[in-house]
Amino acid sequence: MPLPRRFYQRPARAVARDLLGCVLVARRRGAITAGRIVETEAYLGPEDRASHAAFRPGSRALFYGEGGFAYVYLNYGMHCCLNAIAGRTGRPGCVLIRALEPVMGRAAMARRRGVPRDSPRLASGPGNLTRALGITVRNNGADLTAGRLTIEPPDQPRDFTIASGPRVGITRSVGLRLRFWVGGNRFVSKR
DNA sequence: TAGCTGATTGACT
DNA sequence: GTCAATCAGCTAA
């Protein structure tokens, strides 16, 4: 069973933390690829100058709607990034999923990525992650609580430590500690 | 209409 | 360390 809608209807920061250890599942034409979430970043509303809620147009309806939907966008002209909309209606926020630890469909991921199936970089990084799972902007607006793209609760006890720090790769509102990752996990993207 | 920017990656010096 | 690839949507005009 996927995480319920109410899981997402909380502040983005809390959702980002709790998403660590959960499993992202993508079902594509019978083939299933899945990965454990090991790195996330929280983005807030208009007060957060790095958040797309502050300036991305077509995304506004999604951001201000109820949580639990996927926000996928294309950036730098070639990379898709996957977000989960967080917060309640009227309270925009989202969580960028930055890295996965592959748990299912490694062969399919490796084929899409063009790297060895045991590479720690299989789904490490927002752009790599979406390519590994075959996620594109066509998945924008997908319901994460039902359908082909869902997020399941942790498949094993959460015995890891949660580390936090400043977000990476952004040019605005740097300095907020809204990035979370699984301490010591080798699938966390490090630049 | 033209020009610019970006929550990136990978290849190269 | 630098840099190109490549595009949606903003901005200025």
Side-chain angles (χ1 to χ4, degrees), chain A residues 8 11-20 22 24 26 33 35 37-65 67 69-87 91-102 109-142 144 149 151 163-182 186-191:
Chain A
Y8 301 95
R13 192 193 318 242
V15 176
R17 280 180 57 104
D18 293 347
L19 233 30
L20 293 177
C22 295
L24 178 66
T33 47
I37 297 171
V38 296
E39 184 180 355
T40 61
E41 279 179 14
Y43 287 84
L44 314 178
E47 73 277 15
D48 181 359
R49 302 277 285 122
S51 170
H52 282 186
F55 62 94
R56 275 258 174 171
S59 65
R60 283 185 67 86
L62 260 178
F63 271 86
Y64 285 85
F69 289 87
Y71 165 49
V72 185
Y73 72 98
L74 184 69
N75 98 305
Y76 293 104
M78 45 176 50
H79 299 293
C80 295
C81 295
L82 173 66
N83 302 256
I85 299 296
R91 305 305 297 265
C94 76
V95 177
L96 170 68
I97 300 174
R98 292 187 55 88
L100 298 179
E101 173 184 346
M109 294 190 203
R111 186 160 12 91
R112 294 191 185 115
R113 290 274 290 110
V115 300
R117 56 189 298 164
D118 57 352
S119 167
R121 301 165 49 74
L122 249 192
S124 174
N128 294 336
L129 175 159
T130 52
R131 215 181 330 165
L133 295 199
I135 295 171
T136 71
V137 289
R138 292 181 309 129
N139 293 289
N140 191 35
L144 293 174
L149 185 64
I151 300 179
S164 70
R167 294 176 293 187
V168 297
I170 56 172
T171 58
R172 284 176 276 220
S173 296
V174 189
L176 296 170
R177 291 170 64 90
L178 292 175
R179 175 168 173 250
F180 304 95
W181 66 93
V182 175
R186 73 192 189 99
F187 292 93
V188 171
S189 71
K190 19 189 173 274
R191 193 94 278 247

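Note on naming: letters A, B, ... go to the chains in the order of the sequence lines (proteins, then strands), and numbering restarts at 1 for each one.
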Quiz item: So what does A:Asn128 hit on the nucleic acid, given a heavy-atom distance under 4.0 Å: a base, only sugar-phosphate, or nothing?
Solution: sugar-phosphate
Practice problem: Return the nucleotide paired to B:dA7: Watson-Crick means purine N1 to pyrimidine N3 with N6-O4 or O6-N4, wobble means G-U with N1-O2 and O6-N3, both under 3.5 Å. | Solution: none
Practice problem: Keeping the roles fixed (side chain from A:Arg167, backbone from A:Ala42), state whether a donor-acceptor pair exists under 3.5 Å. | Solution: yes
Quiz item: Where the side chain of A:Arg131 is concerned, which of B:dG6, B:dG10, B:dA7 is the nearest nucleotide?
Solution: B:dG10
Self-check item: salt_bridge(A:Glu39, A:Arg179) N-O dist < 4.0 Å
Solution: yes
Practice problem: Would you check if A:Asn83 and A:Tyr73 make a side-chain contact, meaning some heavy-atom pair closer than 4.5 Å? | Solution: yes
Self-check item: Residue-phosphate contact under 4.0 Å: A:Arg49 side-chain N/O, B:dG6 OP1/OP2
Solution: no
Quiz item: Considering every strand shown, what is the Watson-Crick or G-U wobble mate of C:dT6 when both distances are under 3.5 Å?
Solution: none
Quiz item: If we take the P atom in both C:dT11 and B:dA7, what is their distance in whole Å?
Solution: 15 Å
Quiz item: Just how far is it from atom CD1 of A:Ile37 to atom CD1 of A:Ile151, taken to the nearest 0.5 Å?
Solution: 4.5 Å
Self-check item: Gap between atoms OH and C1', on A:Tyr43 and B:dG6 respectively (whole Å)
Solution: 11 Å
Exercise. Would you tell me if any nitrogen or oxygen in the side chain of A:Ser51 comes within less than 4.0 Å of OP1 or OP2 on B:dA7?
Key: no
Quiz prompt | Nearest-Å distance for atom pair CH2/C1', residues A:Trp181 and B:dA7 | solution = 16 Å
Exercise. Using whole Å, report how far CZ of A:Arg172 lies from C1' of B:dT5.
Key: 8 Å
Quiz prompt | A:His79 side chain, from C-beta outward: closest of B:dT8, B:dG10, B:dG6 | solution = B:dT8
Self-check item: Under 4.0 angstrom between A:Asn75 side-chain N/O and C:dT6 OP1 or OP2
Solution: no
Quiz item: Roughly how far apart are A:Phe63 CZ and A:Leu44 CG, rounded to 0.5 Å?
Solution: 10.5 Å
Quiz item: For atom C1', what is the distance between B:dT9 and C:dG9, given to the nearest Å?
Solution: 22 Å
Quiz item: For the pair made of CG in A:Asn140 and P in C:dG9, what is the distance, rounded to whole Å?
Solution: 10 Å
Quiz item: In terms of side-chain heavy atoms of A:Met78, which of B:dG10, C:dT6, B:dA7 is nearest?
Solution: C:dT6
Quiz item: C1' atom, C:dA8 versus B:dG10: distance in rounded Å?
Solution: 23 Å
Quiz item: So what does A:Arg113 touch, heavy atoms closer than 4.0 Å: a base, only the sugar-phosphate, or nothing?
Solution: sugar-phosphate
Self-check item: Exam field: side chain A:Asn140 to backbone A:Val72, donor-acceptor pair closer than 3.5 Å
Solution: yes
Quiz item: For A:Tyr76 and B:dT8, what is the distance between atoms OH and P respectively, to the nearest whole Å?
Solution: 5 Å
Exercise. Would you mind reading off the distance between A:Tyr71 atom OH and B:dA7 atom C1', rounded to a whole angstrom?
Key: 9 Å
Exercise. Compare the minimum distances between each of B:dA7, B:dT9, B:dG10 and the side chain of A:Pro126, then state the nucleotide with the smallest one.
Key: B:dT9
Exercise. Measure from CD on A:Glu39 to P on B:dA7 and round the result to the nearest Å.
Key: 16 Å
